[in-house]
Amino acid sequence: MKVSLIQMNSQGDKAANLSAAKALIEDAVALEHPDLVVLPEYYACLGDTPEETQASAETFPEGEAYQLMSGLARRLKVAIHAGSVAEKDGNAFYNTTLVFGPDGSEIARYRKIHLFDVEITGGTVYRESDTVSRGDEVVTYRVGDTTVGCAICYDIRFPELFRKLADKGADVIVLPAAFTLMTGKDHWEVLARARAIETQTWFLAVGQTGSHAGGRKWCWGHSMVIDPWGHIAAQCSDGVGFTSARLDFSYTGKVRANVPVARHHVLA
């Protein structure tokens, strides 16, 4: 299985972000011919305020991002793990991943479970739960014979979710993110490699990069493909772009045979 990870610098202009995502996906497919393309968290709009994010929210399947990604998947004949977008469902808003199969059909929908409520040293406050509702479903889907698990950004700090994804048979776990620069420089790689090692899966950590909100917010980037032994198999350079890797599931089998942790769990 071949994957391409799209690293973006999304801003508050939804139309411009969607245009940029479309161009990057088309370039990656033309050059790399992947089976699965992955976008970062809030690829369609990463605004300055929660009000901007809510204003960009979509109902499905009518939304612009939904229709664009479904159409791209169908036209390019590739599965697209469409990062996340703001979803409006009644009076509630969710941070939602959509996945489209090569025929353009929706094959998975995951609403972020763990919401980012922190105060960063220096006074920057993030209160995702003030405006975003919590998901409650552990989600996997299939690309061919491969089972793929879903997570988003702050989920990475909660290994119990990834244990559940592994228990559901995940061979690959995908984590779109907009990881902050402050935490990303110290925790992004460490956590992503730990989740890959614990679950013995291929781990795709796909981030936003650079400055946002007029320079008031920064994202770490460093999108990575990590193998089941915890080694980085591919990584984006700083800036907008993409990286690709071929996932060798025979190697997954060797890792799981050599250290059979899935058979050794004691605590539920």
Side-chain angles (χ1 to χ4, degrees), residues 1-3 5 35-36 38 41 79 81 83-84 94-99 107-118 128-129 133-177 179 183-184 186-207 222-235 245-268:
M1 180 179 181
K2 192 171 186 182
V3 298
L5 279 52
D35 304 292
L36 176 67
V38 185
E41 183 181 24
H81 189 115
S84 78
Y94 297 91
N95 185 349
T96 302
T97 290
L98 294 163
V99 186
I107 58 174
R109 184 181 302 189
Y110 168 70
R111 290 169 167 173
K112 186 179 181 183
I113 292 173
H114 300 96
L115 302 181
F116 189 52
D117 290 355
V118 300
E128 190 174 19
S129 67
S133 296
R134 187 185 311 280
D136 59 9
E137 185 179 359
V138 178
V139 175
T140 63
Y141 62 92
R142 303 275 288 180
V143 176
D145 295 329
T146 302
T147 300
V148 184
C150 297
I152 298 173
C153 201
Y154 193 50
D155 283 335
I156 200 173
R157 295 185 181 274
F158 301 91
E160 59 271 23
L161 170 60
F162 299 90
R163 165 76 186 279
K164 288 184 178 296
L165 290 169
D167 288 347
K168 286 172 71 81
D171 307 297
V172 180
I173 296 175
V174 181
L175 183 109
F179 227 72
T183 55
D186 295 324
H187 295 169
W188 174 247
E189 180 180 327
V190 174
L191 287 169
R193 293 178 69 189
R195 297 296 86 86
I197 293 166
E198 291 166 352
T199 58
Q200 299 180 321
T201 61
W202 289 87
F203 197 88
L204 314 184
V206 189
H222 293 79
S223 300
M224 296 180 292
V225 177
I226 303 169
D227 74 23
W229 195 250
H231 292 303
I232 298 173
Q235 185 172 13
R246 189 170 296 280
L247 313 186
D248 179 359
F249 297 115
S250 67
Y251 181 62
T252 304
K254 291 176 183 176
V255 169
R256 293 176 178 179
N258 288 335
V259 187
V261 294
R263 300 205 303 268
H264 295 161
H265 285 298
V266 176
L267 301 177

Compare every heavy atom of [Y] with every heavy atom of [X], then report the nearest pair and how far apart it is.
{"X": "S223", "Y": "G207", "value": "OG-N, 2.8 Å"}
{"X": "V138", "Y": "L161", "value": "CG2-CD1, 4.0 Å"}
{"X": "R256", "Y": "T199", "value": "NH2-O, 4.0 Å"}
{"X": "V259", "Y": "Q200", "value": "O-NE2, 2.6 Å"}
{"X": "G83", "Y": "T97", "value": "O-OG1, 2.7 Å"}
{"X": "D155", "Y": "I113", "value": "OD1-N, 3.8 Å"}

- Message: Does W202 form a side-chain contact (heavy atoms from CB on, under 4.5 Å) with D227? I'd like the steps, not just the answer.
- Response: CA-CA 5 Å; W202 289 87; D227 74 23; 3.4 Å; yes
- Query: Are R195 and E198 close enough for a salt bridge, meaning some N to O gap below 4.0 Å?
  - Reply: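 E198 and R195: salt-bridged.
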Sub-4.5 Å side-chain heavy-atom contact between [X] and [Y]:
{"X": "T183", "Y": "Y154", "answer": "no"}
{"X": "L247", "Y": "V225", "answer": "yes"}
{"X": "I107", "Y": "R142", "answer": "no"}
{"X": "M224", "Y": "W188", "answer": "yes"}
{"X": "F249", "Y": "V172", "answer": "yes"}

- Message: Regarding T146 and D171, do their side chains bring together a donor and an acceptor under 3.5 Å, going by distance alone?
- Response: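 Side chains of T146 and D171: no pair found under 3.5 Å.
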- Message: Which residue is it: R111, E41, R134? I am looking for the one with a side-chain hydrogen bond (donor to acceptor under 3.5 Å, both in side chains) to N95.
- Response: E41
Gap between atom [atom2] of [Y] and atom [atom1] of [X] - 0.5 Å precision:
{"X": "T147", "Y": "L165", "atom1": "OG1", "atom2": "CG", "value": "11.0 Å"}
{"X": "L191", "Y": "R193", "atom1": "CG", "atom2": "CZ", "value": "12.0 Å"}
{"X": "E128", "Y": "S133", "atom1": "CD", "atom2": "OG", "value": "10.5 Å"}

- Please walk me through it: do V3 and V38 pass side-chain contact (heavy atoms from CB on, under 4.5 Å)? CA-CA 8 Å; V3 298; V38 185; 5.6 Å; no
- Check the surroundings of atom NZ in K164: do more than 12 heavy atoms from other residues, nucleotides or ligands lie under 6.0 Å from it?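 No, because the 6.0 Å sphere around NZ of K164 holds 12 heavy atoms or fewer from other groups.
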- Just wondering, are more than 12 heavy atoms of other shown residues or ligands nearer than 6.0 Å to CG in D145? no
- Item | Ring center gap for H81 and Y141 short of 6.0 angstrom |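 Between Y141 and H81, which both carry aromatic rings, the centre distance is below 6.0 Å.
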- Could you walk me through whether V174 and Y110 pass the side-chain contact (heavy atoms from CB on, under 4.5 Å) check? CA-CA 11 Å; V174 181; Y110 168 70; over 6 Å; no
- Query: Yes or no on side-chain contact (heavy atoms from CB on, under 4.5 Å) for H187 and R157, after CA distance, side-chain angles and deciding distance?
  - Reply: CA-CA 9 Å; H187 295 169; R157 295 185 181 274; 2.9 Å; yes
